[in-house]
Amino acid sequence: QLQLVESGGGLVQAGGSLRLSCAASGRTFSNYAMGWFRQAPGKGREFVAAVSWSGSKTNYADSVKGRFTISRDNAKNTVYLHMNSLKPQDTAVYYCVATTTEDTVEITTGGFYDYWGHGTQVTVSS
């Protein structure tokens, strides 16, 4: 089993930045493609970003492209989501995810990911 624990959420003004971290434990971290999803109040789960095992491939939702950056440090068993130019519509609970099914960043459906963290709240005020 793989355990994922997110941190770094909080309250920020529009235009500000946050960095989310996801610490993994329990299994070999580098074998997993990783990603982030989010869920805003009253809305469905939404793909945000994904990164391959090696970190060389990434994919982003159109809504965050150019503002968010996903990265990973396999030596630290951690994946990051750097969020810049935050908007009120970015307000959501952000979930870290992982999969061993296939090393791809192209699948954006939640069912593809085997492991989920408990989430961290990000609130962007206008």
Side-chain angles (χ1 to χ4, degrees):
Q1 291 294 320
L2 182 72
Q3 289 79 45
L4 305 174
V5 179
E6 303 94 337
S7 61
L11 174 64
V12 63
Q13 289 187 333
S17 300
L18 281 175
R19 187 185 76 166
L20 304 184
S21 299
C22 173
S25 62
R27 294 191 67 173
T28 304
F29 177 73
S30 60
N31 290 342
Y32 295 79
M34 306 284 293
W36 291 90
F37 278 71
R38 67 186 181 185
Q39 187 165 20
K43 295 188 177 181
R45 195 170 50 187
E46 176 189 20
F47 170 80
V48 176
V51 61
S52 63
W53 291 357
S54 67
S56 62
K57 297 180 182 178
T58 58
N59 186 26
Y60 297 92
D62 288 342
S63 58
V64 307
K65 201 170 292 183
R67 301 187 298 121
F68 290 11
T69 302
I70 189 171
S71 62
R72 66 192 294 166
D73 185 340
N74 289 343
K76 295 183 178 180
N77 291 347
T78 301
V79 64
Y80 303 98
L81 185 68
H82 301 259
M83 306 186 295
N84 296 320
S85 302
L86 283 161
K87 304 174 181 180
Q89 51 264 47
D90 294 318
T91 295
V93 177
Y94 283 72
Y95 297 92
C96 178
V97 298
T99 181
T100 59
T101 303
E102 183 179 350
D103 185 24
T104 177
V105 298
E106 302 304 323
I107 298 177
T108 60
T109 54
F112 174 67
Y113 293 91
D114 308 305
Y115 300 99
W116 290 70
H118 292 293
T120 185
Q121 176 70 46
V122 171
T123 302
V124 184
S125 62
S126 57

Could you measure the distance from the [atom1] atom of [X] to the [atom2] atom of [Y]? Nearest 0.5 Å is fine.
X: T69; Y: Y60; atom1: OG1; atom2: OH; value: 4.5 Å
X: Q3; Y: C22; atom1: CD; atom2: SG; value: 11.0 Å
X: K87; Y: S126; atom1: NZ; atom2: OG; value: 14.0 Å
X: L18; Y: H82; atom1: CG; atom2: NE2; value: 11.5 Å

Exercise. What salt bridge (Lys or Arg N to Asp or Glu O under 4.0 Å) pairs are there with at least one residue in residues 31-40, not counting sequence neighbours?
Worked result: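 Salt bridge (Lys or Arg N to Asp or Glu O under 4.0 Å) check on residues 31-40 returns R38-E46, R38-D90.
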Exercise. Any salt bridge (Lys or Arg N to Asp or Glu O under 4.0 Å) pairs touching residues 117-126, not counting sequence neighbours?
Worked result: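 Every candidate salt bridge (Lys or Arg N to Asp or Glu O under 4.0 Å) pair involving residues 117-126 fails, so no pair, neighbours aside, qualifies.
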Side-chain donor/acceptor of [X] to backbone N/O of [Y], under 3.5 Å:
X: T91; Y: V124; value: yes
X: N74; Y: W53; value: yes
X: E6; Y: T120; value: no
X: T78; Y: K76; value: yes

For this session: Evaluate the criterion side-chain contact (heavy atoms from CB on, under 4.5 Å) for residue pair D114 and Y32; output intermediate values, then yes/no.
Result: CA-CA 10 Å; D114 308 305; Y32 295 79; 5.7 Å; no
For this session: Check step by step if side-chain contact (heavy atoms from CB on, under 4.5 Å) holds for M34 and L4.
Result: CA-CA 10 Å; M34 306 284 293; L4 305 174; 3.9 Å; yes
Can you see which heavy atom on [X] is nearest to which on [Y], and at what distance?
X: L81; Y: A49; answer: CD1-CB, 4.2 Å
X: A14; Y: P88; answer: CB-CD, 4.1 Å
X: A33; Y: R72; answer: CA-NH1, 4.0 Å
X: A24; Y: L2; answer: CB-CD1, 4.0 Å

Exercise. Hey, are the side chains of V105 and T58 touching, using non-hydrogen atoms and a 4.5 Å cut-off?
Worked result: no
Problem set entry | Side chain proximity check, F112 to E102, heavy atoms < 4.5 angstrom | yes
Exercise. What do you reckon, is NZ of K65 surrounded by more than 12 foreign heavy atoms closer than 6.0 Å?
Worked result: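 Check passes, neighbour count above 12.
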For this session: May I ask you to decide if the ring planes of Y94 and F68 are parallel, tilted or perpendicular, using 30° and 60° as cut-offs?
Result: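 It falls in the tilted class, 30° to 60°.
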Exercise. Between W116 and Y113, how do the two ring planes meet: parallel, tilted or perpendicular, split at 30° and 60°?
Worked result: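 Because their plane-to-plane angle is over 60°, the rings of W116 and Y113 count as perpendicular.
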When clusters are formed by joining ILVMFWY residues with side-chain heavy atoms under 4.5 Å apart, either directly or through shared neighbours, do [X] and [Y] land in the same one?
X: L20; Y: Y115; result: yes
X: V97; Y: I107; result: yes
X: I70; Y: F37; result: no
X: V64; Y: Y95; result: no
X: F47; Y: V51; result: no

Exercise. Hey, mind stepping through D73 and Y80 against side-chain contact (heavy atoms from CB on, under 4.5 Å) and telling me if it holds?
Worked result: CA-CA 8 Å; D73 185 340; Y80 303 98; 4.1 Å; yes
